[in-house]
Amino acid sequence: MAPTNRHIEFESYKANRQAIPEDLAAAIPYVYKLVEGFNIPLITLDGYEADDIIGTLAKQAEAKGYTVYCMTPDKDFGQLVTESIFVYKPARLGNGAETLGIKEILEKWEVSDVKQVIDILGLWGDSVDNIPGIPGIGEKTAKDLIKRFGSMEAILANTNQLKGKQRENLETFAEQGLISKKLATIQLDVPIELDEERLILGQPDQEALEPLFAELEFRTLGKRVFGEEFNVLTTPPTSGTQMDLFGNAASTEATNTTTEYVPPVAGKNVHNTPHTYFLADTPVLKQELASLLSKQRSFCFDTETTGTDANVADLVGLSFSIEPGTAWYVPAPPDRAESMQVLAYFKPIFEDETIEKVGQNTKYDILLLARYGINVKGPLFDTMLAHYLIDPDTRHGMDVLAENYLGYTPIPITDLIGPRGKKQGNMQDVDMEAIKEYAAEDADITLQLKATFEPLLEKAEAVELAQKVEFPLVHVLADMEQSGVNIDVPVLQQLSETLATDIVELEKTIFQKAGVRFNIASPKQLGEILFEKLQLDPKAKKTKTGQYKTGEDVLLTLASKSDIVKDILEFRQLQKLKSTYVDALPMMINPLTGRVHTSYNQAVAATGRLSSTNPNLQNIPIRTARGREVRKAFIPRDENHVILSADYSQIELRLVAHMSDDKGMLDAFEKGLDIHRATAAKVYGVPLEEVTAAQRRNAKAVNFGIIYGQSAFGLSQNLGIPRTEAAQIIEQYFAQYPGIKRYMNETINFAKEHGYVETLLKRRRYLRDINSANQTVRGFAERNAINAPIQGSAADMIKVAMIAIHEAIKKQGLNGKMTMQVHDELVFDVPKEEVALFRALAEKHMKSALNMSVPIVVELGEGRNWLEAH
DNA sequence: TCTGTCACG
DNA sequence: ACGTACGTGACAGAA
């Protein structure tokens, strides 16, 4: 690009200009392509900036009698406004769009002539446009000075009328002020001719835009521009006849389809792999298929069902594949008993321990089949989990995997049951031919994904992690979900009533103190009450959408100003408890089992942790007295059972000690010391027994901070201490634990060199931003580099333990169940006579899951509910 | 559908 | 002047 006039006039303009952020730089070519694709006129001229081109064209258009709107958020465009030229400022965040004419500009800038906008900007500067302005002069001073003197030049000629630092600055930086004014001036003499014909908006060019949209994953925009059919597969032509398993014999029915190969076209939704899908809907065919499958060492399967909740959905059909491009679909009748008859053909192969089962999100299929009396056994290969290990930060849905790795766009489910929302169709009612294509394709693609992922898993050194941990864990989680947990509904109902009364009470008090009734749960309304009506903080911070910040940390700093604050915090707490737990949990009880069955997601947390949904059982309250009450509702199966909880003690810090090999920390754990107290003793240089409560609290915060890669700022915020003090504590910490400092440096260097970090079991997390030039972005990646191996190794450890415990329970034929996992805790529902066994079993397998150079401590507890078990 | 808030480890 | 400790999921309100 040629240097612009402005660059020539003010060379430091370019020198001072910060490098364009890399993510923005990467986006610009796409912006050009999109603008072109939409047939939006694009005018560029080497050596001139967009502002100047727009200004020049605006003036020419005005001369021709047009009314002109410059659509821009830039404030410097105010200088262009005339009777017929307006600035149209687009809506942004909380603010609506504005049309600015002469009147508005004069008001906004407090000037008598729009041209004075330039003078103000010259004084004030504009960091967005890299206009330096005059140091020490902000918006207010600039406006005052212009009101008094009228122009930059007049001010500079009369600095004798000013005094102090202001005069000094104006005199010293007079040159810079004049240059700034020049930079702020929009040039109106660009050598360009207005040609109205060239400015007419064209129609979007579908051929140009579709591949772009596909690449950028602009699904919603695609639908808006091209209609709902965008990204939706057109039905392929059908042909072919058959009768046996491979369609060899003749038949009058055209039920099997073979399509010709069509090269993949991203976003075009072309069915693009040669394939033959068969329908196995007669006893003979089903028998033959089952027999064929029974001879395989591995087969791929998928279930079609009426819903996404495996504890509720009904089976609609099954699909199988054993080689790419070939698959069978077996329909299952709506009637459950009849479905079981169909499944009877396949039960032996599913329960054959020697045959590997391949699938996408196999836990779903396993849970579903379990409800039909099939106990899926044997090794698994789950493509979703395989990809989770290959690249945990990305998405693992079958559709995206097929598109990214096979260049193939599968039939979207919406083709069969319509778009999501109110009147979604039922899988049960879909045309057999369509469902066969869809279902068989799923099994076919999944098998192909397996073939693709196997070498990738090897390359990522994750084969063992997959085969020994993630795949076997599927069976464990399926069993846990199926077991579910028992909920004491009356306890929650009682709790709900108490909460309701207290909430009403608090509400009354708050309205009284505020002097108005309002919705306390609305951050918008609450912010207005606190900061406008009550004026609790003149410097209140706002969120990016323009609302006042009302988070807990903000409110706590206001507690001394008005006691309404603590009422609000309490109101929030109770409201949260009531809506998220107390009232929600009973509604999650499965009517068939009378228990709550969470769903563990094995492929969402980038570090390797599990997550829990519907309901989330990993965030049941414990930190506050009222919240803890909820745990009393988590009760054993019956009076003959108890809840047993097994908790890793300080697992992440122990892992830090192990991985860093820091002698001091290893020693503290070796001696069985309270690690936070030991850390405080070291950091403050006092004997263990003289550590104060405050010192221990600070040390504990640092210990946690280390795990997250925090800064002095973060620590000072967290502890409410000055930054310098926080910095000192951290410095002392690293002086006392030099191994940890070294480990952290090594980890970040490893990440910078390899682009990923890994856990003890070689679970990788790629950190694409680790070498970013952007400090904020890189800082984020660096903290991830520190945290991911720690959090992830803890996840590795408990997963290994879970598999071992599950195996032992099965082997010993015990009746107790493992029911919940909360990151460092396992919860069991155990018959009283098995408690001793389970205690020993859990402790043993949790301690020995991984080979560690530091003692691992497991805390066990039992009780009539989850709270008591702690 | 997004945002703010808050529950957990 | 900014941003600032990791990983999650659910709910209410706003858009």
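Every chain is numbered from 1 and lettered A, B, ... according to where its sequence line falls, protein lines coming before strand lines. Being a predicted model, the structure only gives us computed values, none of them experimental.
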Does [N] have OP1 or OP2 sitting under 4.0 Å from an N or O in the side chain of [X]?
X: Arg623(A); N: dC8(B); value: yes
X: Arg572(A); N: dA7(B); value: no
X: Asn519(A); N: dA14(C); value: no
X: Thr580(A); N: dC6(B); value: no
X: Thr607(A); N: dT8(C); value: no
X: Arg783(A); N: dC6(C); value: yes

How close or far is atom [atom2] of [N] from atom [atom1] of [X], stated in whole angstroms?
X: Leu715(A); N: dC6(C); atom1: CG; atom2: C1'; result: 15 Å
X: Asn614(A); N: dG9(C); atom1: CG; atom2: P; result: 10 Å
X: Leu867(A); N: dC8(B); atom1: CG; atom2: C1'; result: 15 Å
X: Lys576(A); N: dA12(C); atom1: NZ; atom2: C1'; result: 10 Å
X: Leu574(A); N: dC11(C); atom1: CG; atom2: P; result: 17 Å

What does [X] touch in the nucleic acid at a heavy-atom separation under 4.0 angstrom: a base, only the sugar-phosphate, or nothing?
X: Gln525(A); result: sugar-phosphate
X: Ile707(A); result: nothing
X: Asn601(A); result: nothing
X: Ala606(A); result: sugar-phosphate
X: Phe704(A); result: base
X: Leu577(A); result: nothing
X: Gly551(A); result: sugar-phosphate
X: Asn616(A); result: sugar-phosphate
X: Arg723(A); result: base
X: Gln573(A); result: sugar-phosphate
X: Glu552(A); result: sugar-phosphate

Residue [X], side-chain atoms from C-beta onward, closest of [options]:
X: Tyr581(A); options: dA7(B), dC11(C), dC8(B); value: dA7(B)
X: Arg609(A); options: dA12(C), dG7(C), dC8(B); value: dG7(C)
X: His823(A); options: dC6(B), dG9(B), dA7(B); value: dG9(B)

Angle class for the His676(A)/Phe704(A) ring planes (parallel below 30°, perpendicular above 60°, tilted otherwise)? tilted
Does the ring of Trp124(A) carry Lys75(A) above it, NZ/CZ under 6.0 angstrom from centre and within 45° of its axis? yes
